[in-house]
Amino acid sequence: MSQITTVSFFRFARWRDRAWALAMMGAARLAMARIPDLGFWKLCGSGTGEGFTPIPNTAVYAILCTWPDADTARARLATSSIFNRYRARADESWTIFLTPTSARGAWSGRQPFDPVAEAVDGPVVALTRATIKPGILHRFWGRVPDISRMIGSDPNVVFKIGIGEVPWLHQVTFSIWPGAAEMAAFARTNGPHAAAIKAVRDGAWFREELYARFAILEDSGTWGGVSPLAQLEMT
């Protein structure tokens, strides 16, 4: 059996449901901790625009989880009351099931992902997570708009979103690519992205960072009326 990571996205249209989702960033913690077989988990808000921005998107929230296997993941997501409450209030929801293929770094002092040993070809999900040092927040976020615009204009990126546990300080980028070559090409040739990476390394901007890659197992639900994975079939 291989560890499974799920990321569930929820979109809320009405203001009372958005307020509920914001409150659940704290209130849902007890319910999450009681879910059987749940490993690592995080409740996340999101940013506006392409990629990620410092401006919160009050309509979109995400829950990241790890599970011992795919069958357990499907069963717990389908039957856990907290996920049912999110789906009941959300106007749209989408969950992607992933197998970790590589991971380095830490998240909240832990390495949450247990990568498979064998190489995996095909579409790639990239997840990067960082805790930004407060003293460099203005410099970090000063570089982000250029990177976000480049991610949004890249024809190869299938899906992209910025999420995080704490606005401005804890940031996660989540993106889907047709393959490792397309993802690597963006990282190598994108000017703002390469410059930002150099600045991060030279200035030690992050207190903690994690870089992980995943293979896609399946998905459920829709986002924008369709499965974002449908675009992979056209690339």
Side-chain angles (χ1 to χ4, degrees), residues 3-12 17-35 38-67 73 76-77 80 82-83 85-86 89-90 93-96 98 100 103-114 125-141 143-144 147-148 151 159-175 196 200 204-214 223:
Q3 184 200 63
I4 296 297
T5 299
T6 59
V7 187
S8 300
F9 298 96
F10 303 91
R11 192 194 315 276
F12 301 90
D17 293 325
R18 295 185 185 191
W20 176 87
L22 177 60
M24 294 304 285
M25 288 287 288
R29 295 179 181 275
L30 184 59
M32 292 294 297
R34 291 175 173 170
I35 298 177
L38 177 60
F40 185 85
W41 57 271
K42 289 291 180 180
L43 300 163
C44 297
S46 71
T48 57
E50 305 285 2
F52 60 101
T53 70
I55 303 171
N57 182 351
T58 61
V60 174
Y61 292 82
I63 305 177
L64 179 146
C65 302
T66 65
W67 311 92
R76 298 300 182 229
L77 290 176
S80 295
I82 187 62
F83 281 96
R85 291 175 67 190
Y86 268 86
R89 284 183 172 265
S93 63
W94 177 60
T95 296
I96 186 168
L98 307 167
R104 60 184 175 89
W107 190 338
S108 298
R110 296 174 56 186
Q111 170 45 265
F113 307 119
D114 183 16
V125 171
L127 184 151
T128 65
R129 188 269 178 185
T131 299
I132 307 161
K133 293 180 178 178
I136 59 82
L137 281 175
H138 66 289
R139 283 183 286 168
F140 175 84
W141 287 111
R143 292 182 180 271
V144 163
I147 299 172
S148 293
I151 293 176
F159 178 84
K160 68 282 180 185
I161 191 170
I163 58 177
E165 311 115 276
V166 179
W168 305 298
L169 289 174
H170 294 172
Q171 293 301 316
V172 178
T173 61
F174 181 92
S175 57
V200 166
W205 287 6
F206 295 159
R207 180 173 296 164
E208 183 183 59
E209 53 192 307
L210 179 140
Y211 304 90
R213 302 291 180 263
F214 303 83
W223 202 248

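Looking at Arg29 and Leu43, their side chains come closer than 4.5 Å, going by heavy atoms from C-beta outward. Proximity of Leu38 to Arg76: side-chain heavy atoms (C-beta onward) are nowhere separated by under 4.5 Å. With contacts defined as side-chain heavy-atom distances shorter than 4.5 Å, the pair Phe214/Ile96 does not qualify. A heavy-atom distance below 4.5 Å is found between the side chains of Ile35 and Phe83. Taking 4.5 Å as the limit, every side-chain heavy atom of Lys42 sits out of range of all side-chain heavy atoms of Pro112.
Gln3 places no side-chain N or O within 3.5 Å of a backbone atom of Phe113 that could act as its donor or acceptor partner. In this structure a side-chain-to-backbone donor-acceptor pair under 3.5 Å is missing from Glu209 to Arg129. Without hydrogens or angle criteria, Arg110 side chain to Ala106 main chain gives no donor-acceptor distance under 3.5 Å.
Taking both residues in full, the closest heavy atoms of Leu77 and Ser8 are given as CD2-OG, 4.3 Å, listed atom of the first, atom of the second, then distance. Taking both residues in full, the closest heavy atoms of Glu208 and Ser108 are given as OE1-N, 2.9 Å, listed atom of the first, atom of the second, then distance. Across Pro100 and Asp114, no two heavy atoms sit closer than the pair CG-O, 3.4 Å.
Between the CE atom in Met24 and the CD1 atom in Ile82 there is a gap of 3.5 Å [rounded to 0.5 Å]. Interatomic distance, OG of Ser80 versus CE of Met32, reported as 8.0 Å (0.5 Å rounding). Note that OG of Ser175 and CG of Leu127 are 8.5 Å apart. Values are rounded to the nearest 0.5 Å. Rounded to the nearest 0.5 Å, atoms CD1 (Ile4) and CG (Leu98) are 8.0 Å apart. The CD atom of Gln111 sits 11.0 Å away from the CZ atom of Arg104 when rounded to the nearest 0.5 Å.
Tested against Trp94, the residues Phe159, Phe174, Phe10, Trp223 include a single ring pair (Phe, Tyr, Trp, His ring centres under 6.0 Å) partner, Phe159.
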| task | List the steps and the verdict of side chain to side chain contact (heavy atoms under 4.5 Å, CB included) for Trp67 and Trp41. | result | CA-CA 9 Å; Trp67 311 92; Trp41 57 271; over 6 Å; no
| request: For Val172 and Trp107, run side chain to side chain contact (heavy atoms under 4.5 Å, CB included): C-alpha distance rounded to whole Å, both residues' side-chain angles, the deciding distance at 0.1 Å, then the answer. | output: CA-CA 10 Å; Val172 178; Trp107 190 338; 3.9 Å; yes
Side-chain donor-acceptor contacts of residues 56-66 below 3.5 Å, not counting sequence neighbours, with atom names and distances?
unit_1, atom_1, unit_2, atom_2, d
Asn57, OD1, Ala59, N, 3.0
Thr58, OG1, Arg18, NH1, 3.0
Thr66, OG1, Phe40, N, 2.8

